Amino acid sequence: MSYTHTITVPLAWDEALQHAKDALAEQGFGILSEINVRATFEAKLGAEAAASLGDYVILGACNPNLASRALGADPDMGALLPCNVVVRRGTDAGETTIQAIDPQTMVQLSDNPAVKEVADDADTRLRAALASLSGSAGPAN
């Protein structure tokens with residue numbers, strides 16, 4: 001089983017990052033954290049490491065209603081929150097890749113039926129966000 005839903009869009013880096021944030025917001029997700037992995041690599045490992053990675057940001061997306069339901073059902077689910085969404089583009093790439101965690105991963109770690117309901121809802125919302133970004137590129141996988 002894949003643990004992400006992935007799409008590739010023919011958008012410039014900055015445009016893809018902003019569109020991803022907008023699409024997540026339309027599905028009720030706020031961005032709790034934004035980790036610029038490239039900047040971290042540059043600061044800690046040097047410019048060559050950053051350049052070989054390309055642009056790479058991890059968005060910590062959270063839908064408060066879903067998080068509340070998940071934590072109410074199983075407080076240990078907090079270790080899996082927020083939902084990570086990666087926006088990345090290789091140095092010479094002509095397209096940008098956007099990946100979202102597959103919330104069904106949570107279901108594999110909990111036998112609680114309420115967690116499955118939350119994961120199903122989160123999955124529907126994340127897939128809708130990716131679908132709105134991919135346009136005619138087809139469904140997210």
Side-chain angles (χ1 to χ4, degrees), residues 1-112 114-141:
M1 176 179 158
S2 174
Y3 55 91
T4 63
H5 300 305
T6 303
I7 62 167
T8 303
V9 294
L11 298 173
W13 164 251
D14 290 339
E15 188 178 3
L17 182 59
Q18 187 58 53
H19 282 279
K21 291 176 183 179
D22 293 344
L24 289 165
E26 289 173 11
Q27 293 299 319
F29 290 91
I31 305 302
L32 297 180
S33 62
E34 184 171 327
I35 303 166
N36 187 328
V37 179
R38 180 183 180 133
T40 301
F41 276 27
E42 187 163 352
K44 302 292 183 180
L45 303 173
E48 187 175 319
S52 69
L53 176 67
D55 293 313
Y56 200 114
V57 166
I58 302 170
L59 301 172
C62 179
N63 179 304
N65 291 326
L66 295 177
S68 176
R69 288 171 47 205
L71 294 173
D74 183 350
D76 292 344
M77 287 292 112
L80 301 175
L81 298 177
C83 295
N84 284 331
V85 177
V86 172
V87 182
R88 62 184 171 86
R89 184 181 180 112
T91 304
D92 297 324
E95 298 177 315
T96 302
T97 299
I98 303 170
Q99 297 175 287
I101 183 73
D102 181 347
Q104 297 304 322
T105 304
M106 291 189 302
V107 175
Q108 296 176 11
L109 301 173
S110 174
D111 293 333
N112 189 321
V115 170
K116 179 174 178 3
E117 289 177 21
V118 173
D120 289 345
D121 193 353
D123 191 44
T124 298
R125 292 168 186 265
L126 288 170
R127 283 179 180 266
L130 290 176
S132 74
L133 290 166
S134 64
S136 62
N141 55 16

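This structure is a prediction, so every number in the text was calculated from the model and none was measured.
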Give the table of side-chain donor-acceptor pairs shorter than 3.5 Å for residues 12-22, with sequence neighbours excluded, one pair per line with atom names and distance.
residue: Q18; atom: NE2; partner: D22; partner atom: OD1; Å: 2.9
residue: K21; atom: NZ; partner: E34; partner atom: OE1; Å: 2.8

Set of salt bridge (charged side-chain N to carboxylate O under 4.0 Å, His left out) partners for D74, sequence neighbours left out: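 Listed in chain order: nothing, the list is empty.
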
What's the shortest heavy-atom distance between [X] and [Y], and which atoms?
X: P10; Y: E95; value: CA-CG, 4.2 Å
X: R69; Y: V118; value: CB-CG2, 3.5 Å
X: A114; Y: A73; value: CB-CB, 3.5 Å
X: S134; Y: V9; value: CA-CG1, 4.2 Å
X: V115; Y: M77; value: CG1-SD, 4.0 Å
X: D102; Y: S2; value: OD2-O, 3.8 Å

Side-chain (S68) to main-chain (P64) donor-acceptor, under 3.5 angstrom: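 Here the side-chain-to-backbone pair does not exist.
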
Exam field: side chain S132 to backbone A23, donor-acceptor pair closer than 3.5 Å: no

In residues 81-88, what donor-acceptor pairs under 3.5 Å come from side-chain atoms, sequence neighbours left out?
residue: R88; atom: NE; partner: Q99; partner atom: OE1; Å: 3.0
residue: R88; atom: NH2; partner: Q99; partner atom: OE1; Å: 3.4

Nearest-0.5 Å distance that lies between atom CD in Q104 and atom NE2 in H5: 7.5 Å

Non-hydrogen side-chain atoms of E117 and D121 separated by less than 4.5 Å: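 No - every pair of side-chain heavy atoms lies 4.5 Å or more apart.
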
Under 3.5 Å, which donor-acceptor pairs do the side chains of residues 40-63 form with other protein atoms, sequence neighbours left out?
residue: T40; atom: OG1; partner: N36; partner atom: O; Å: 3.1
residue: S52; atom: OG; partner: E48; partner atom: O; Å: 3.4
residue: S52; atom: OG; partner: A49; partner atom: O; Å: 2.9
residue: N63; atom: OD1; partner: N65; partner atom: N; Å: 3.1
residue: N63; atom: OD1; partner: L66; partner atom: N; Å: 3.2
residue: N63; atom: ND2; partner: Q27; partner atom: O; Å: 3.4
residue: N63; atom: ND2; partner: G28; partner atom: O; Å: 3.3

